[in-house]
Every structure is written in structure tokens, then in C-alpha cells.
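Structure, as C-alpha cells:
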Amino acid sequence: MKKIILALTTSAAVLGFAAAASAQDKTKICFIYVGSKTDGGWTQAHDIGRQALQDHFGDKIETPFLENVPEGPDAERAIERMARSGCALVFTTSFGFMDATIKVAEKFPDVKFEHATGFKSAANVATYNARFYEGRYIQGVIAAKLSQKGLAGYIASFPIPEVVMGINSFVHGAQSVNPEFKVKVIWANTWFDPGKEADAAKALVDQGVDILTQHTDTTAPMQVASERGIKAFGQASDMIKAGPETQLTAIVDTWGAYYIKRTQAVLDGTWKSEQMWDGLKDGILTMAPYTNMPDDVKKLAEETEAKIRSGELHPFTGPIKKQDGSDWLADGAVSDDGTLLGMNFYIAGVDDQLPK
Amino acid sequence: MGIVEAILLTVVTAATPLVLASLGELVSERAGVLNLGVEGMMVMGAVLAFAATQATGSPYVGILAGIACGALFSLLFGFLTLTLVANQVATGLALTILGLGISGQIGEPYVGMSGIKLQPIAIPLLSDIPFIGAVLFKQDLIFYLSIALVFGVNWFLFRSRAGLKIRAIGDNHASAHALGIHVIRTRYLAVMFGGACAGLAGAQLSLVYTPQWVENMSAGRGWIALALVVFASWRPWRLLAGGYLFGAVSISQLHAQALGLGIPSQFLSALPYAATVIVLILISHNRRMTLINTPACLGKPFVPDR
């Protein structure tokens, strides 16, 4: 039933868009969003990037977008409509749009595509992603400094490498401060359900965690943390408004500079398919101000951030053991990107069994 | 506060919107009208309740706004399906889509704003009872309303004359019409009651469950409420049991995960649905009783003879 509705909504949205879009001289840079542009998290961060792009180029471009496009067959139709309507470059901003993007790209060799967080590319499909795990490492360091029980709660969405990588990085960062640090994980099996995220947060607090972090999209966990008087980390966007006395920091996605750079390449005719995976040093992700913590913790967080920026510290530096006790990285060894992008195991210290 | 008490408190919060929304739909369906727009009415109630609370600073005004908004929105459904005799399934779906869209539009300025939470009211003496006191008698107004409504609707449908008329219309609208019962007028009222309940459920979401507004915040609860009505075979008590069972299993699975019991999380996530379906099938295994309870004219349009 829900599928049907989504299908209807999308088709309606697509038709509406097609009618509104008329042929013009401006270069069209198009966006496909999985959520609402005001979700306060993931999609909002992309939309802020889109607005930065529009402001930068002004009248030279236009930036139509489609919101709430479900992952699956509807995505393919939505992307195809965009491509057909004369877009020069289409940004598809969710992992689940990967196969749809590749399929549509085959039919429209002259249109350029950029897919966020995926691992499939083509001559006219580039990928872009941010090293979110760098921010999670810093969060881990802060959590271990502040948690009196040495126990944090982690609300996860789906067991994909991106999320598993985040949990591991958080734990490894925390253990660099307190080797005994533990994390409890709840898989919400959704990106977006405020009620369920709040319930998960409550369950974790009831079981004794005193720091919360999340890899889901709404501010509900932040709100529960404020209510229960513990601290928490924001996700994808700065969530300070939901917890002025609760948020320690947040990983903020800042896509604007990348969108401007790639659009410039299209305008100049120099666009090439690339696999971009940048981090803190390139400004594709930034940390929200470090708040609600003592000065020494803030200082340590800033130092850690500086070290990651300068390349002095890679969050996944050995020695690291896997959860089952086997060795993963030797002392001083650094993980390669391939292992991270396909991460399907926990490191030691995670108090959870990874769903298969 | 013990862990069990904490779990029960969370269960109550999770179950209340389901009970409210499905109770309203139950009355509407007992009158023979299938309104698939619960999700849309709920999310409209949520956004209006939030907006009214922000404007006045009082969540009680918010509750009223949620109820009024749900009822008014359902009136649109009533006009299309009862007066213009449009297809109920299609109109209900449209109502959901419309509700999700309009609420997103109305709610745009409220995104990211911290809401005002509806505070619990402790009932003197009763709230001092150890254990159940905190869970049952130190709750917010919407919870008390939900329980009172289950009692009220059960009495109304099966013990009052008006309730008998509603059931008669749902079972055979032609005969009811021949007996001089106002089929269309009664159905309008039933549909509006359903809308008001869904609006109240929405208000619970944005004032109690997660005091904030995010687009699409009902996240499918309207559909669960619809399913509950069928599985409860249109009986208010079963509906209450089903709603709480669903809530209890949903919350327990989160705790099971946090305890690290090593049960696959996908299985645990599916558990509330599976458990509720199985239990409600078991309690309604008597086919004859189920048939008696099913409104025979459910979803059928009624056009009075001239």
C-alpha cells in the first residue's frame, strides 16, 4: 500500500516538474533527494549545498530538484525524467539511487551524473562521498572523556559498510582515550522515523548509557537526550536547536564547494568521471562547534581534528583487533580505502552482533 | 525507577497514537465507511497541533487544534465519498497523499524548532501506588483520553441506541435507510469522529511522543492503525490489546538489541508485526464471530432511492 502511494506521489511530482520545466538557455544542474529538503539532516545538507551553488552562479544556471524520491524503481523514472528535461548534470544524493543512476546514465551518454556515497561509476557517472568516519572518531574521543560509565549508545540505521565504519571509528576513537570503553548499538532499520528513533534512544538511556550518538536522520534522539539530561552528538546537520544544552558537536555535511567545483567543470567542458572521497581537510565535512563540554575536552577534540586534517592521524591506525579477537591492523598500519568501503565486521569493544 | 517501569512508560507512549487512530477508524468502519486516509489525517493533526502550540504556548490548545483539524480534513473525505459517492479506497489514498503534502508545506517554518511537551498530570492517591501508579496514573491527558475513549466507544457501539444504528448502517445500509435512519448524516458523523481521533493521535506525536515537527513524522503509523482495526475484528477491547501488544513488542525488541542478545535485528524489527498478527488471529479464530463482526457494507457506496 505504502509503495503504491509513494509511486503515485513520485509520478505526480515528476509530472508536475516536467510541466514546470521549459527549455531555457541556462545550464540545468539537477538534484534528486531521497527525503524532504527540510528534514533537518541528510537531505537538508544537500539542499544547502544546492542553494550555495545557485547563489554562486546566479543567473547562469538553474537548479531544479525532486524531493522524497523513494529508492527503487521510482528512482529510475525520476532520474530519467530529469535527464530528459535537459539537465547537464544530475546529482543523485542517496546510496540507494546507485543502480538507477547507472541505468539511466547508459541511456543518456551526453548527460553527466554524480552519485553520492556509492561505489559504481561509468564514463558519465562520477561518485562523491565524505569521510564521515573522521568526524565519528572525534566524537568517540569526546565520548570517552565525558562518559562516566564508559558506555555510549549508538542508534544505527542499516548494516551497510558506511554505518559499520562509523561505529568502528567511534569505538576506536573512544578507546584511544579509555581502552575499556564500550558501545551499545540499536539498529532502527530505518533512516527516518522520529518515534522509533526516540524509542531506541529511551531504551539505550534506560539501559544505562550516558552519551548518545546516532546514524539516523531526525533530531528525536537529541531531544530524548535533553529530556534525560545526558549529552549527544548531532548527525548530518547541526542539531544544536534541538538540544542547546545537549549537543556536544555534530558532523555537518558541507557539499556546496564540491557542487560549485563540479558545475564549473561542466561549464568549462572539463568534467571527467572521478571517484571523490574527501574528508575534514577538504571541507566536505565540518564539525559543528564543540559545545557543552569542559575546556580540556574541547581542546583535545580540536587537537584531534587538527591532526586528522593535517594527515598526521588516520582514524583507522593499528593496532586494531576485530571483534572475534583476530588481528586486523598491526601496530602503526593504516587501513586501505577498499576495506573501509566494504566494511562488514566490528572491531573489538562493540557490544553488539553485526546483523548479516 | 526500575527498568521494567521505564519500558512500560515507553510502551504507553508508543501504543497511544495507534490505539487512538485505530479507534476512530473502527467507528468509521462500523458505519460502513473505509477511510484509508488515516495517515494523512494523523500527520495533519500533528502539524496543526504543533503550530497551535507554538502560537499560543499551550499544548492544550494544540490538542484542540489537532482534533479540529483531523475532523475538518475528514469532512473533505466525507464530502467526496458520501455526497459525491467517489470511490472510498481511491479517495482515502488521495487524502493520505494530500495530508502528507500539505502538512509538509504548513510545517516548513517549524522544522528544527524545539516543541513544548504536554506535561503529565498525576492523579492524586492513585499515582502513589507503587509500580502501576507511575505507569498508569502519572500520564498526560491524551493517554487518559485514549483509555476513556475505548471504554466510551465500546459502550456506545454495543449498549446505546445510536451505536446500534451505526452498526445497522454498516451492516445493511439499504435496510437502515428503509427504517428511516439517516444513513449519510450518520456516516458523516462517524467519519468525522474518525478524523478527530486521528487528529488527536497526530497531536500525541508532535506534543508527547517526539515534541517537534518533522515532515512525514507519522512514519506509517496510520497504516498500522488501519491494520489493527481489521485484526481486532472491529472490537474496541481487542484493538486496545492489539495496540499495546504492538507497542510492547516494538519496545522490547529495542531493549533486546541494546542488551546484545545476539538475535538478528531484522528479525526483531519484524517481530511486533508478526506477534500482533498471530495473537489477533488466535483470539479471532472463530470464523462465525468474525463474520458477524465484519461490517457487511464496508466500503460500499450508498445512494438513497428517490
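In this text the structure is predicted, and so the values were computed from the model without any measurement. Chain letters run A, B, ... following the sequence lines, proteins first, then strands; residues in each count from 1.
In terms of modelled atom types and a separation under 3.5 Å, the side chain of A:Q223 and the main chain of B:S114 share no donor-acceptor contact.
Contact check for A:D193 versus B:R221: side-chain heavy atoms found under the 4.5 Å cut-off. Inter-residue side-chain proximity for B:T210 and A:T218 is flagged as unmet; no heavy-atom pair is nearer than 4.5 Å. Here the side chains of B:T13 and A:K202 are in contact, with some heavy-atom distance below 4.5 Å. Within the 4.5 Å cutoff, side-chain heavy atoms of B:Q266 are placed close to those of A:P159.
The candidate from A:A198, A:S237, A:S36, A:G208 with the greatest count of non-hydrogen atom pairs under 4.5 Å with chain B is A:S36. When the candidates A:Q44, A:M222, A:K184 are compared by the number of heavy-atom contacts under 4.5 Å with chain B, A:K184 comes out ahead. Per-residue heavy-atom pair counts under 4.5 Å with chain B were compared for A:K241, A:K196, A:Q207, A:Q353, and the maximum is reached by A:Q207. Looking only at heavy-atom pairs under 4.5 Å with chain B, the residue among A:G195, A:A188, A:A220, A:A200 that has the most is A:G195. In terms of heavy-atom pairs under 4.5 angstrom with chain A, the leader among B:A256, B:G107, B:P211 is B:P211.
When every heavy atom of B:N216 is checked against every heavy atom of A:F192, the shortest pair comes out as O-CE2, 3.8 Å. Residues B:S269 and A:W187 approach most closely at OG-O, 4.4 Å, considering heavy atoms. Heavy-atom minimum distance, B:T10 versus A:D206: OG1-OD2, 4.1 Å. Summarising the geometry of B:L254 relative to A:I186, their closest heavy-atom pair is O-CD1, 3.3 Å, with the distance given to 0.1 Å. Annotation for B:A258 and A:L204: closest pair CB-CD2, 3.9 Å, computed over non-hydrogen atoms. Across B:Q212 and A:T219, no two heavy atoms sit closer than the pair OE1-OG1, 2.5 Å.
In B:F131, the CZ atom is crowded: over 12 heavy atoms of neighbouring residues, nucleotides or ligands sit closer than 6.0 Å. Residue-environment remark: NZ (B:K117) exceeds the threshold of 12 foreign heavy atoms within 6.0 Å. Counting non-hydrogen atoms of other residues, nucleotides and ligands closer than 6.0 Å to CD of A:Q51 gives a total above 12.
Ion pairing between a basic and an acidic side chain is recognised when a charged N comes within 4.0 Å of a carboxylate O; A:K37 and B:E215 show no such pairing.
Neither the backbone nor the side chain of A:E197 comes within contact range of chain B; no heavy atom of the residue lies under 4.5 Å from a heavy atom of that chain. Heavy atoms closer than 4.5 Å to chain A are found nowhere in B:L268, neither backbone nor side chain.
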